[in-house]
Amino acid sequence: MFYVSGTQLMTPERRKAVWAIYVWCRRTDELVDGPNASYITPTALDRWEKRLEDLFEGRPYDMYDAALSDTVSKFPVDIQPFKDMVQGMRLDLWKSRYMTFDELYLYCYYVAGTVGLMTVPVMGIAPDSKASTESVYNAALALGIANQLTNILRDVGEDARRGRIYLPLDELAQAGLTEEDIFRGKVTGKWRRFMKGQIQRARLFFDEAEKGVTHLDSASRWPVLASLWLYRQILDAIEANDYNNFTKRAYVGKAKKLLSLPLAYARAAVAP
């Protein structure tokens, strides 16, 4: 759903807060993608949203809720992105096709863009930043969108086996492709051309997100930039697999991950 690698590079207090948010997001995602997903109803999600409201008001139900409740008490975290994520889970209960990119973008916002908005108050904005608060949040939103688009492109085959297509159907049609082509899972010239366009779009969101990293608190720049660079490399891996995201899972090797850390640190250190 989203990516939080790099949290180990954060200060202890920020790391604890980000992981509290992450755990809540994972639990929310598991409601519709986990082993009990077939039993989840809109009413169950309504109850989960009520539970969210309670923990924001200092009435946690369990230790994981308590961790997020503690985060809410220490950082100016807003409840709306959390509510929006629950809305994304509601979509997953009944929607398995997206006609346009605008539709898909909204879904990406619900399930991942929200994470960027949740975490900015924890990461903090640099005191000397001349950027507007809105622009920093927009960059965080772009990172969430980029991560989710990357997930979608990586998991095309896996999603298809579950009967789901998280790709703009109108753009598929423009490329001369159909839903059956997705389910057939054959890499063709048309598929490669289509994927190149989808990857280019995801990279543009990563580029937009990277602009905002320089305006985060200095202690947060390295972990966020490292996370961004590592996740963006999944797109490179899809290309290296000759765009076969039907039967091959794109991943970034350990050596590449380790190499990215000092490079991200150097880049973050010279950020204004």
Side-chain angles (χ1 to χ4, degrees), residues 1-12 14-15 17-19 21-22 25-26 105 108-109 111-126 129 131 135-156 195-245 248-272:
M1 182 179 63
F2 56 90
Y3 197 64
V4 292
S5 179
T7 55
Q8 293 177 349
L9 308 176
M10 295 177 184
T11 61
R14 284 192 170 116
R15 182 168 62 245
V18 168
W19 274 98
I21 293 171
Y22 169 76
C25 291
R26 287 304 310 171
Y105 177 91
C108 290
Y109 162 71
V111 301
T114 49
V115 181
L117 305 186
M118 293 172 190
T119 53
V120 167
V122 175
M123 302 299 180
I125 299 174
S129 171
S135 69
V136 176
Y137 273 86
N138 283 340
L141 172 59
L143 180 55
I145 300 294
N147 285 349
Q148 186 61 22
L149 289 176
T150 300
N151 286 344
I152 286 169
L153 298 179
R154 180 194 62 197
D155 298 339
V156 167
M195 281 301 303
K196 286 177 183 178
Q198 301 301 307
I199 288 173
Q200 180 182 27
R201 173 190 282 147
R203 283 181 172 142
L204 289 175
F205 279 102
F206 276 121
D207 291 344
E208 186 64 28
E210 190 168 343
K211 295 175 186 176
V213 175
T214 59
H215 299 288
L216 293 176
D217 185 272
S218 58
S220 299
R221 289 174 197 157
W222 182 27
V224 174
L225 192 61
S227 176
L228 185 156
W229 282 8
L230 289 171
Y231 221 65
R232 184 163 54 188
Q233 288 179 60
I234 293 174
L235 299 173
D236 301 335
I238 295 173
E239 292 173 331
N241 285 343
D242 192 30
Y243 305 99
N244 181 4
N245 43 5
K248 291 184 179 180
R249 185 174 176 86
Y251 70 95
V252 181
K254 188 174 182 180
K256 282 191 174 182
K257 288 181 179 179
L258 291 175
L259 181 61
S260 293
L261 295 180
L263 294 174
Y265 181 81
R267 174 69 180 87
V270 299

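Only a predicted model underlies this, so the values are computations on that prediction, with no experimental measurement involved.
Atom CG in N138 sits 11.5 Å away from atom NZ in K211 (nearest 0.5 Å). How far CD1 of I199 is from CZ of F206: 11.0 Å, rounded to the nearest 0.5 Å. Separation of atoms CD (E208) and CD (E210) is listed at 11.0 Å; rounding is to 0.5 Å. Taken to the nearest 0.5 Å, the CG atom of L235 stands 11.0 Å off from the CD atom of Q198. The CZ atom of F205 sits 13.5 Å away from atom CG of L228, with the distance rounded to the nearest 0.5 Å. For the atom pair SG of C108 and CD of Q148, the computed distance is 5.0 Å after rounding to the nearest 0.5 Å.
Side-chain N or O atoms of D217 include one that pairs as donor or acceptor with a backbone N or O of A219 at under 3.5 Å. A donor-acceptor pair under 3.5 Å links the side-chain atoms of T150 to the main chain of A146, judged by distance alone.
Using a 4.5 Å heavy-atom cutoff, the side chains of D242 and M195 are not in contact. Annotation: side chain of V18 is in contact with side chain of M123 (closest heavy-atom distance under 4.5 Å). In this structure the side chain of N245 never reaches within 4.5 angstrom of the side chain of R154, judged on heavy atoms. The shortest distance between side-chain heavy atoms of N147 and V115 does not fall below 4.5 Å.
Looking at every heavy atom in both residues, A250 comes nearest to I234 through CB-O, 3.8 Å. The nearest pair of heavy atoms linking A139 to G212 is CB-CA, 3.5 Å. The minimum heavy-atom distance linking R221 with V213 is given by the pair CG-O, 3.3 Å. For V120 against A140, the heavy-atom pair with the smallest separation is CG2-CB, 3.3 Å. Summarising the geometry of P121 relative to Y137, their closest heavy-atom pair is CG-OH, 3.4 Å, with the distance given to 0.1 Å. Minimum interatomic distance between M118 and C25 (heavy atoms only, all atoms of both residues): SD-SG, 3.6 Å.
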(message) As a quick check of understanding, evaluate side-chain contact (heavy atoms from CB on, under 4.5 Å) for K248 and I238, giving each step before the final call.
(response) CA-CA 9 Å; K248 291 184 179 180; I238 295 173; over 6 Å; no
| request: Show the numbers, then the answer: is there a side-chain contact (heavy atoms from CB on, under 4.5 Å) between Y243 and V156? | output: CA-CA 11 Å; Y243 305 99; V156 167; over 6 Å; no
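With sequence neighbours excluded, the residues satisfying salt bridge (Lys or Arg N to Asp or Glu O under 4.0 Å) with R203 are D236, E239.
Screening V224, I21, L143 for a side chain to side chain contact (heavy atoms under 4.5 Å, CB included) involving T119 leaves a single residue, I21.
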